[in-house]
Amino acid sequence: MSLSEQEWRKEQKRVDRVIQTIHGQMTVLQKEIGGVKADIVDIRKHFWDDIRVNVDDPGEAAETYASIKQQAEVLSERERRHRHAQKRLKTLEKLHSSPYFGRIDFVEDGEPSPQRIYLGLTSLLNENKEEFLIYDWRAPVSSLYYDYGPGPAQYDTPDGTITGTMELKRQYIIRDGRIRSLFDTGVTIGDELLQEVLGRQAGTQMKTIVATIQREQNQIIRSEGKRLLIVQGSAGSGKTSAALQRVAYLLYRHRETLKADQILLFSPNPMFNSYVSTVLPELGEENMAQTTFQEYLERHLGQTFQLEDPFTQMETVFTTMDEPGYAFRIEGIRFKSSHNFMAILDRYLSWLQQTGLIFKHIKFRGKTLVSATQIRDRFYSLDQALSIPQRMEHLVDWLLKELKKQARLEQTKPWVEEAIQFLDSETYGQVYRKLLRKQSFTEDTFDDYEREQRLLAEGVVQERFKPLVTGVKQLRFIDIPAIYRQLFTDPALLSKWSSADLPRQWKAIAKEAVKKLDRFELSYEDATPYLYLKEKIEGFQTVSSVRHVLIDEAQDYSPFQFQFIKELFPRASLTVLGDLNQSIHPHAAGTDFASLSSLYGAEQTEVIRLTRSYRSTQPIVQFTRWIIPGGEAIQPFNRDGKKPTVTKALGKTDLAHKIADRIRVLQAAGHRTIAVIGKTARECREAFEALHDEITLRLIDKETASFQTGAVVIPSYLAKGVEFDAVILYDASRKQYGRKSERTLFYTACTRAMHELHLFYTGEKSPLLAPVPAELYVEESE
């Protein structure tokens, strides 16, 4: 809706006044920061000047401690003020260019006149701190802007629901303090603002979306009260962006009780961590903890095993389809990722309560001090009403006592006397001082030779027994690899625990698992079950400090992994984000998010579906939604662009020339991020070798930690969750994408494109393109 020139000038005057207020507050803050910084430097410089250090006299020592504590508290307070002022200054600097993006005029029921509410990244009060010039987009009243158009409206507050009427909803595009665009709108955020935001070139970091949050995204952001929030969203629907704004909202809403380090994001790969790392700081919040599930596995199992990562697993699956062993590998992956296999492990653990645990001998200098049989017999003699971890605690106490007995016996052995003779002066002195502190001896009484030898022998043996004591405390006497291996060596036993039939090729699956365990290797599908079994035996190391967990690309997680995460974070709520149409992991076949509701029960689960795609232009969405079944439900945003192209090359050399030429054209058009997407890392290496002499580009692999502008070659499974100005599919042929099982991988690669999508192929094009109407793309000739 157009506005009069007079109204436009009036709005610009308000922007000018607000910017003037911001400038004034920035000036005050800059002076405060300078003064506090000077205080900090002065306190650090003269910290000890007013402190009399005297630790000889107990009274003086207490006074010294009190003086130091007081000075430290003053310094800490100044440092906190300095950090807070700097953080506020950075926020004001952002507001200075674009102070707000929306306005609503709301008349609360029972009130005579409307309240004008302007929304921005953060709240801003006037000079007297009596009036809000800008409301934080996360404030309760701000939800009106995202959820309603002019007419009846309401919003929730801690004190109840406020009802009334929205008389006006206005949107702004303000850049460098000048209003570039101004329009009134209805329920949804106006297309003009979305066009302006979505039409920009992609960068190396995900951007905030607070100015363009849609109603369904606002529902995700402000959802509270349920333990599990499941967001099923089509490619480019803004589910990840909304989830990150949700973190900012939770930190604002619960700022007295929730801190950033109590929120954890499981992301798909390290590069994605870099991609989203600026969103929260842009909103004035500290970043939450970020990790990948593989990093968690590595921390807990990496010292024992060579772990396969999910990308290596996928690379194997995508490149060995025609090789022997492929079928049983896929069958094994699906079985070990299932609820059924977790149920088998639970029944196995119940059996281990009675029998079957395997222990290691505790040895010293080649001699067995406590045999595995003794340890096993002692464990099973304990009260069977106790859990396995509880009995392990009693077992540790018993073993430590046994080691003390063995240590006393060891002190009289010849090797101890020999070791004493070869003690260097420094070690001798350490033992000597340690024994003086431990025993009631003085230097005058420490001259009896026999007593000296006995005490030194005790010290030597204690030092040599330290690794044994540490090992017992860390439960290294339990042979977890052998206990897990036992699952695969007795098929009759396993079938008794399974509520369903074992996989048809179970013998081959079991044989391969045993072979890898014997080499201290662990397949990705074995890692979570192994760690689950280990934790259940040793005692689950839960993380109670984490209050909220976000899982992105959730369709790539197995049912087993979801259950494990629930047990790992017992006090946390979960936000799960994914798209079943992008399920590319081999364990994903036949799974859906409906099964997740069993984690906390239907009454503690909320499901939100996003069907509108904002990332890609309308022609790209219209093209890609034909690739997948049910794609007609995906609604494109009305942003025009070029049709995708499908180009045939005569061979590999011609393919490289055509792609290099296309990259040059895209760069000349101003596209900053261009991805050549290969199906696998192997194909990406081939593409890079073919292209790098013709054009400058970068090869992305699973070790790449940061996202950069320019042209890149990237495997399909690493491109998930990231977007590019233009995407080139390196080889969209029948040879590469000829199976129905590759449909979601093909779809995922194509939906990374924001503005342009170009598919190349040699030989015959993929049959997955057959459903796409010919008028939706441009077929380019050889």
Side-chain angles (χ1 to χ4, degrees), residues 55 299-305 357-383 386 388-483 520 534-535 537-541:
V55 296
R299 279 198 300 273
H300 290 81
L301 299 176
Q303 291 184 336
T304 306
F305 293 101
L357 280 174
I358 302 171
F359 297 96
K360 301 176 190 174
H361 300 306
I362 296 177
K363 292 185 173 183
F364 180 71
R365 293 175 58 83
K367 173 191 171 186
T368 299
L369 299 182
V370 188
S371 72
T373 302
Q374 288 175 288
I375 298 172
R376 185 193 62 210
D377 291 346
R378 179 70 183 186
F379 176 85
Y380 284 113
S381 72
L382 296 169
D383 184 358
L386 298 174
I388 292 178
Q390 287 171 330
R391 281 194 271 175
M392 287 300 173
E393 290 179 15
H394 290 292
L395 192 58
V396 166
D397 292 340
W398 176 76
L399 283 171
L400 291 176
K401 289 174 184 175
E402 289 298 307
L403 286 182
K404 278 187 179 180
K405 293 178 189 175
Q406 293 292 339
R408 285 196 293 271
L409 294 174
E410 207 67 29
Q411 290 170 21
T412 59
K413 300 292 176 65
W415 73 265
V416 178
E417 186 175 345
E418 185 179 338
I420 291 171
Q421 302 304 319
F422 287 97
L423 285 176
D424 56 51
S425 57
E426 183 180 352
T427 305
Y428 187 96
Q430 287 175 353
V431 173
Y432 173 67
R433 287 189 295 274
K434 182 179 177 182
L435 292 171
L436 280 177
R437 288 194 302 271
K438 186 178 178 183
Q439 307 290 343
S440 299
F441 292 107
T442 65
E443 293 182 24
D444 295 333
T445 61
F446 197 70
D447 56 5
D448 180 86
Y449 177 76
E450 288 184 9
R451 178 176 290 176
E452 178 182 320
Q453 289 297 103
R454 188 167 66 252
L455 294 175
L456 285 172
E458 181 185 340
V460 167
V461 172
Q462 282 179 352
E463 193 65 29
R464 299 289 177 88
F465 264 49
K466 268 185 182 178
L468 296 181
V469 171
T470 301
V472 166
K473 290 178 179 178
Q474 295 178 352
L475 306 180
R476 292 187 208 151
F477 57 87
I478 311 171
D479 197 341
I480 302 290
I483 296 170
F520 287 95
K534 180 177 185 290
E535 294 283 273
I537 289 172
E538 296 180 351
F540 224 101
Q541 301 298 307

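For this chain, numbers begin at 1 and follow the sequence in order. Excluded from the calculations below are hydrogen atoms, water molecules and symmetry mates; all remaining heavy atoms, backbone and side chain alike, are included.
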- Message: By the salt bridge (Lys or Arg N to Asp or Glu O under 4.0 Å) test, which pairs, at least two apart or in different chains, include something from residues 359-375?
- Response: none
- Query: How many angstroms lie between atom NZ of Lys404 and atom CG of Leu399, to the nearest 0.5 angstrom?
  - Reply: 13.0 Å
- Task: Under the side-chain contact (heavy atoms from CB on, under 4.5 Å) rule, collect the residues that match up with Val396, sequence neighbours excluded.
- Result: Leu400, Val472, Leu475, Phe477
- Query: Taking only residues two or more places apart in sequence, or in another chain, which ones meet Arg464 in a side chain to side chain donor-acceptor pair (under 3.5 Å)?
  - Reply: none
- Please list, chain by chain and in numerical order, all residues satisfying salt bridge (Lys or Arg N to Asp or Glu O under 4.0 Å) with Glu410, sequence neighbours excluded. Lys413
- Message: Measuring only between side-chain heavy atoms, which start at C-beta, is Leu301 closer than 4.5 Å to Lys534?
- Response: yes
- Note on the structure: Taken in chain and number order and not counting sequence neighbours, the residues that satisfy side chain to side chain donor-acceptor pair (under 3.5 Å) with Gln411 are none
- Task: Using a 4.5 Å cut-off on heavy atoms from C-beta on, say whether the side chain of Leu357 contacts that of Met392.
- Result: yes
- Message: Restricting to ring pair (Phe, Tyr, Trp, His ring centres under 6.0 Å), what partner residues turn up for Phe540, sequence neighbours left out?
- Response: Phe564
- Is a side-chain N or O of Gln541 found less than 3.5 angstrom from the main chain of Gly539, in a donor-acceptor match? yes
- Message: A side-chain contact here means heavy atoms from C-beta on lying under 4.5 Å apart; do Ile362 and Arg476 qualify?
- Response: no
- Non-hydrogen side-chain atoms of Leu395 and Phe359 separated by less than 4.5 Å: yes
- Residues at least two apart in sequence or cross-chain that pass side-chain contact (heavy atoms from CB on, under 4.5 Å) with Leu382, listed by chain then number, are Arg391, His394
- Trace of the side chain to side chain contact (heavy atoms under 4.5 Å, CB included) decision for Phe364 with Val461: CA-CA 11 Å; Phe364 180 71; Val461 172; 5.9 Å; no
- Item | Partners meeting ring pair (Phe, Tyr, Trp, His ring centres under 6.0 Å) with His361 (sequence neighbours left out) | none
- Separation between CD1 of Ile358 and CD1 of Ile478, rounded to the nearest 0.5 Å: 11.5 Å
- Note on the structure: Glu402 meets the side-chain contact (heavy atoms from CB on, under 4.5 Å) criterion, sequence neighbours left out, with Val370, Trp398, Lys405
- Item | For Thr412, all residues meeting side chain to side chain donor-acceptor pair (under 3.5 Å), sequence neighbours excluded | none
- Query: Between Leu468 and Leu369, is any pair of side-chain heavy atoms under 4.5 Å apart?
  - Reply: yes
- Task: Apply side-chain contact (heavy atoms from CB on, under 4.5 Å) to Ser381 and list each qualifying residue two or more places apart in sequence or on a separate chain.
- Result: Arg378
- salt bridge (Lys or Arg N to Asp or Glu O under 4.0 Å) with Glu393: which residues, sequence neighbours excluded? none
